[in-house]
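Below is one structure, written out as structure tokens, with a few remarks after it.
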There are 2 protein chains.
Amino acid sequence: MAAPPGDTASYEVPDLVDALAQLSFVILNSLAEIAGEHELSIVQVRLLGVLRDREPNMNTLGRHLGLDKSSVSGLVDRAQRRGLVVRTPSKIDGRSFRVSITESGHHTVEKVATAYAARIATLTETLTPQDRQTLAQYANRIIVADARWNGIDLRIGRH
Amino acid sequence: MAAPPGDTASYEVPDLVDALAQLSFVILNSLAEIAGEHELSIVQVRLLGVLRDREPNMNTLGRHLGLDKSSVSGLVDRAQRRGLVVRTPSKIDGRSFRVSITESGHHTVEKVATAYAARIATLTETLTPQDRQTLAQYANRIIVADARWNGIDLRIGRH
DNA sequence: TATTGTTATACTCTATAACTATA
DNA sequence: TATAGTTATAGAGTATAACAATA
């Protein structure tokens, strides 16, 4: 079904607005597919990704993920049931829990990250290293513009 | 909270692999936010988008959206309940329905598309017209690579 | 028999509101 | 009173399996 390599048949080329939406679907569908091979959803991967270098409480975790605290409760419940994360009671605040990734969770998220990176490498293999760097710069400009649009400061130390 | 215009503080610059994931979240979150202002989800917007220039049956619609027929049943149910789409019995096949967008659905999706295009314009306003064209080309190369990866032929007339 | 579509069921994900326990 | 977190509830979205009607 795929067009043969070197095929020159024409196809409709989306403009930037369409291209960015389609690109985003492609990227996140790829991530969802890879995550699914490890029985994970995208939000579970994001959860584990956040916990790779942090041990936040439920509240902070919700801010990182952009989710209500009740959503975080359920999310962490399901991840904990699968042995991917654990809740530890805070020693300073009796109401609070530290959420941390388990060894199993870490192992799983690393496998997903590796497979995702490999997929991106495949999807961008027709771009030159220079093209890839330029693409990353454009993407980062949009990410920064979005953060400003949402009133968030990306500078280090302001998380 | 936003860094002031012209601010030069450093922040961590994601590499291409991270940048594409973050970009995709930014783009789809923007779309979800805009869709939400019209009481729509992203998948409902995709549904209406597909129906802007097609009147497929449930089966074909499922293929366009990458969803199981049972998922499409529920999706179309909810959209029809809101008056955005209609099912019409096929005249040729007694088992089949033609799904079409209503005037109200068309009006809604056009408003979402316009607001989304405006948002993309804002997010890319620091890029030159040349940069934007280059970005669209890179995005399209990834879209084509993904289609080939999934064994789909994007060429016109092969849908 | 094969295909089109719906329904029953189950699960994830999400939010709002009400609640408990601690600060 | 305010904050951290859970629970009850409701709804969207998804898939699998079983089903009805038509081809």
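Chain identifiers are assigned alphabetically (A, B, ...) following the order of the sequence lines, protein sequences preceding nucleic acid strands; residue numbering begins at 1 within each chain. Heavy-atom basis, side chains included; hydrogens, waters and symmetry copies ignored.
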Euclidean distance, atom [atom1] of residue [X] to atom [atom2] of [N] [Å, nearest integer]:
| X | N | atom1 | atom2 | answer |
| --- | --- | --- | --- | --- |
| R46(A) | dT14(C) | CZ | P | 8 Å |
| M58(A) | dT6(D) | CE | C1' | 9 Å |
| L67(A) | dT16(C) | CG | P | 12 Å |
| K69(B) | dA18(D) | NZ | C1' | 10 Å |
| L47(B) | dT14(D) | CG | C1' | 15 Å |
| L75(A) | dC11(C) | CG | P | 17 Å |
| I42(B) | dT14(C) | CD1 | C1' | 14 Å |
| L40(A) | dT14(D) | CG | P | 19 Å |

Going by number, which of residues 78-102 of chain A have a non-hydrogen atom under 4.0 Å from DNA chain D?
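Within residues 78-102 of chain A, the residues near DNA chain D are R87(A), R95(A), S96(A), F97(A).
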
Assess whether a salt bridge exists between E110(B) and R52(B), defined as any Lys/Arg side-chain N lying under 4.0 Å from an Asp/Glu carboxylate O.
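Salt bridge between E110(B) and R52(B), a charged N being under 4.0 Å from a carboxylate O: yes.
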
Using five base pairs at each end, measure the axis-to-axis angle across the helix from dT1(C)-dA23(D) to dA23(C)-dT1(D) and round it to 10 degrees.
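Both end axes considered, the difference amounts to 20°.
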
DNA chain D: D68(B) or S71(A), which has the more 5' nearest nucleotide?
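Checking each residue's closest nucleotide, the 5'-ward one belongs to S71(A).
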
Could you say whether S70(B) or G74(A) is positioned toward the 5' end of DNA chain C, judged by the nucleotide with the nearest heavy atom to each?
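Result: S70(B).
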
Name the nucleic acid region contacted by N59(B), choosing base, sugar-phosphate or nothing; use a 4.0 angstrom heavy-atom cut-off, strictly under.
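Sugar-phosphate contact only.
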
Between D146(A) (side chain) and I143(A) (backbone), is there a donor-acceptor pair under 3.5 Å?
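No: the side chain of D146(A) does not pair with the backbone of I143(A).
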
Does any N or O in the side chain of R119(A) come within less than 3.5 Å of the main-chain N or O of A115(A), such that one atom is a donor and the other an acceptor?
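Not at all, since once roles are kept as given, no pair shorter than 3.5 Å links the two residues.
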
Do we see a donor-acceptor contact under 3.5 Å between the side chains of D131(A) and T128(A)?
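Their side chains do contain a donor-acceptor pair, which is all the 3.5 Å distance test asks for.
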
Do T60(A) and N57(A) pair up side chain to side chain, a donor and an acceptor below 3.5 Å, judged on atom types alone?
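Per modelled atom types, T60(A) and N57(A) side chains form a pair under 3.5 Å.
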
Quick check for you: to the nearest 0.5 Å, what is the distance between H107(B) atom NE2 and H38(B) atom NE2?
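Those atoms lie 9.5 Å apart.
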
Salt bridge (charged side-chain N to carboxylate O under 4.0 Å, His left out) for R82(B) and D77(B)? Distances and angles first, verdict last.
CA-CA 9 Å; R82(B) 298 185 202 174; D77(B) 280 350; over 6 Å; no

Please say whether the positively charged group of R132(B), taken as NZ for Lys or CZ for Arg, lies over the ring of Y138(A), i.e. under 6.0 angstrom from the six-membered ring centre and within 45 degrees of the axis.
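Output no; distance or angle outside limits.
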
As a quick check of understanding, evaluate side-chain contact (heavy atoms from CB on, under 4.5 Å) for R87(A) and M58(A), giving each step before the final call.
CA-CA 9 Å; R87(A) 282 176 175 91; M58(A) 300 292 283; 3.6 Å; yes

On the nucleotide dT6(C), are OP1 or OP2 found under 4.0 Å from the side-chain N or O atoms that S73(B) carries?
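Affirmative; the distance criterion is met.
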
